[in-house]
Structures are given as structure tokens and as C-alpha cells.
Amino acid sequence: KQMKLTLNLDRDVNVMAAHDALEVMVGNLVSNAIKYTPEGGKVSVTSKLLDNTIQIQVTDTGVGMTKAQKEDVFERFVRLDKTSDIAGTGIGLSIVKELILAHNGQVSVDSIEGQGSTFTITLPTTEQAALSDTLSIKAIEHLTQGETTASEVTQATEEALTDTQQELILIIDDNPDMRDYISEVLNPNYHCITADRGETGIELAKTQVPDLIICDIMMPGIDGYEVAKHLRDDIITSHIPLVLLTAKGDKESRIQGWNENIDDYMTKPFDEEE
């Protein structure tokens with residue numbers, strides 16, 4: 001798009017935030033800025049240290065917003081322009097806001113229609129050095145399951161950091177009881193992350209690259225066979241061992257799975273030892 005991207009950062013500082021959450025916060029704002037700025041425009045990211053906080057600003061010369069849009073932009077499923085052909089669900093900024101609030105931070109937007117927008121994130125800083133760069137997906141999971149306090153997110157992050165030496169297993173199943181049960185069985189020896197549908201599971205597989213994927217077949221939206229096809233067709237995930245869970249043990253169902261190059265089947269219900 002022939003855009004000018006600039007980065008102006010204050011001195012290094014330790015931010016009181018989960019590594020992956022910080023990436024989602026800033027990455028989403030930068031992505032939106034590029035998305036809603038026409039060709040030849042400008043996008044800048046700057047940071048400024050204040051007392052015990054850091055201020056991160058993402059500024060663009062894009063389409064900007066009306067006063068009404070500014071008030072609603074952090075709500076779920078709200079798009080800047082409902083008639084726009086720009087792809088998106090309108091959920092990104094609501095997740096950014098939830099993450100920032102869960103990390104005891106603040107977010108605001110200043111915008112002029114037709115001239116551009118500036119999103120400002122303020123987060124607490126700390127003298128403590130970062131424990132690890134390991135992605136703490138548990139913190140994200142806690143947030144997406146409902147209202148979460150900052151202490152709960154911190155606890156989830158700390159739990160994830162203790163699992164850095166464990167192999168990572170992704171469980172994809174639309175049934176929350178089944179997800180919890182499989183996680184409970186595997187958690188003593190493996191670090192488990194979960195997804196409640198195929199689309200989410202595919203994205204997690206690409207970003208987390210787990211050591212093993214366990215996926216249900218019968219799910220709303222993309223079923224287990226389609227998940228297998230997506231994973232096998234992507235160079236990032238094509239090598240990951242894949243086990244399909246099925247209540248259908250018939251020959252045709254199994255052959256369909258083998259055709260998508262899955263590694264194994266397990267028929268529900270299954271025994272914990274199995």
C-alpha cells in the first residue's frame with residue numbers, strides 16, 4: 001500500500017503483562033491502522049515512559065471515526081464501517097480492551113473523521129525482569145471464558161510459565177465437559193490448551209504449533225475432517241500428529257479420516273487409561 005511505517009520507542013522497560021497478551025494488544029491496533037489507512041498513508045508506533053506506567057500509541061492517517069463510532073468501537077461485533085469491504089468480524093478491539101483491563105491498564109482513542117486515529121494503551125511497568133518469552137495462552141483462555149480479574153490472569157500466566165518444559169497438546173472439542181475431562185487426564189504430564197470449535201483450533205495450531213492435536217469430529221462449523229484437511233495443507237501444521245475423537249466407529253467414518261492423513265482414532269466414550 002506504499003505506506004510509511006515509523007517506530008519511535010522510549011528506553012527499554014519491563015511491562016506488567018503476559019508476553020502473548022501484549023502482542024495481541026499492540027498487534028491488533030497496528031493491523032487495524034494499516035487496514036483502515038489508504039495507500040500512501042502513515043502509521044506510527046511510539047512509546048513514552050511515565051510514572052510506573054508506559055504509554056503506547058498507534059497513530060494512523062486513515063479514515064478516522066465519528067464521535068458515535070468512538071464510543072462504540074470497543075464493543076463486540078462493531079465495525080468501523082459496516083459497508084466496508086475490509087475483512088473482519090469486529091471482535092478484535094473488544095478483545096484488546098478486555099486484555100488491557102485485565103492487566104490493570106487503560107485504553108482510549110482520539111480520532112477525527114477523514115483524518116485518522118490515535119489509540120493509546122497505558123500499562124503498568126515493573127522492576128522485575130521477564131520470566132520467560134513463553135506464550136501464556138492460559139491467560140487468553142481465561143479471558144475468553146467470561147469476566148476475569150487481573151489476579152486470575154496473573155495466576156494463569158504463572159501456571160503457564162511453570163509448564164514451559166512440558167509438551168503442548170491442543171484439544172479441539174465443542175463440548176466443555178469433554179474438553180475439561182481430557183485436560184484433566186493429560187494435565188499432570190502435558191501442558192494443555194483448548195479450543196471450542198474448529199476455526200479457533202486451526203488458528204491456535206498455527207500460532208502455538210503444539211506437539212499433538214486431539215480433535216472431535218462432530219462440531220458446529222468446521223468439523224474434524226475439515227480441521228484435519230486445513231492442518232495437513234498448511235506447512236506450519238502439516239507435521240503435527242493428529243488424533244480424531246469420534247462417536248462414530250463405522251468403517252466409512254474411519255476411512256474418511258485416514259484420507260485426510262490423520263494419525264489415529266479414539267472412539268467415545270473412552271477409558272482414562274486408554
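What you see is a predicted model; the values in this text were computed from it and never measured.
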Inset, instruction - Salt-bridge test for Lys206 and Asp233: reply yes if a basic N is under 4.0 Å from a carboxylate O, no otherwise. - result: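 No.
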
Separation of [Y] [atom2] from [X] [atom1] (nearest 0.5 Å):
X: Asn189; Y: Leu186; atom1: CG; atom2: CG; answer: 8.0 Å
X: Leu244; Y: Ile213; atom1: CG; atom2: CD1; answer: 10.0 Å
X: Ile202; Y: Lys229; atom1: CD1; atom2: NZ; answer: 11.5 Å
X: Asp174; Y: Thr200; atom1: CG; atom2: OG1; answer: 11.0 Å
X: Ile121; Y: Leu29; atom1: CD1; atom2: CG; answer: 4.5 Å
X: His239; Y: Leu231; atom1: NE2; atom2: CG; answer: 10.5 Å

Heavy atoms only: give me the nearest [X]-[Y] pair and the separation to one decimal.
X: Thr66; Y: Gln69; answer: N-OE1, 2.9 Å
X: Val96; Y: Val24; answer: CG2-O, 4.1 Å
X: Thr125; Y: Ile54; answer: CG2-N, 3.7 Å
X: Gly41; Y: Thr61; answer: CA-OG1, 3.4 Å
X: Ile172; Y: Arg197; answer: CG2-O, 3.6 Å
X: Leu7; Y: Leu9; answer: CD1-CD2, 3.8 Å

Within a strict 4.5 Å, meaning less than it, do heavy atoms of the [X] and [Y] side chains meet?
X: Gln208; Y: Leu168; result: yes
X: Ile182; Y: Leu245; result: yes
X: Ser183; Y: Ile171; result: yes
X: Leu50; Y: Lys48; result: yes
X: Lys42; Y: Thr6; result: no

Legend entry - Candidates Val13, Asp10, Asp12 - the one meeting side-chain contact (heavy atoms from CB on, under 4.5 Å) with Ser47: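 Of the listed residues Val13, Asp10, Asp12, the side-chain contact (heavy atoms from CB on, under 4.5 Å) partner of Ser47 is Asp10.
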
Inset, instruction - Check whether more than 12 heavy atoms from other residues, nucleotides or ligands sit under 6.0 Å from atom NZ of Lys1, and answer yes or no. - result: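 Yes.
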
Legend entry - Greater than 12 external heavy atoms within 6.0 Å of Met16's CE: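 No, the 6.0 Å shell around CE holds no more than 12 heavy atoms from other groups.
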
Legend entry - Sequence neighbours excluded - side chain to side chain donor-acceptor pair (under 3.5 Å) pairs with any residue from residues 111-124: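 Non-adjacent pairs meeting side chain to side chain donor-acceptor pair (under 3.5 Å): Gln57-Thr120, Thr59-Thr118, Ser111-Ser117.
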
Inset, instruction - Indicate, with yes or no, if Ile112 and Phe119 share a hydrophobic cluster defined by side-chain heavy-atom contacts under 4.5 Å among Ile, Leu, Val, Met, Phe, Trp and Tyr. - result: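 No: no chain of side-chain contacts under 4.5 Å links Phe119 to Ile112.
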
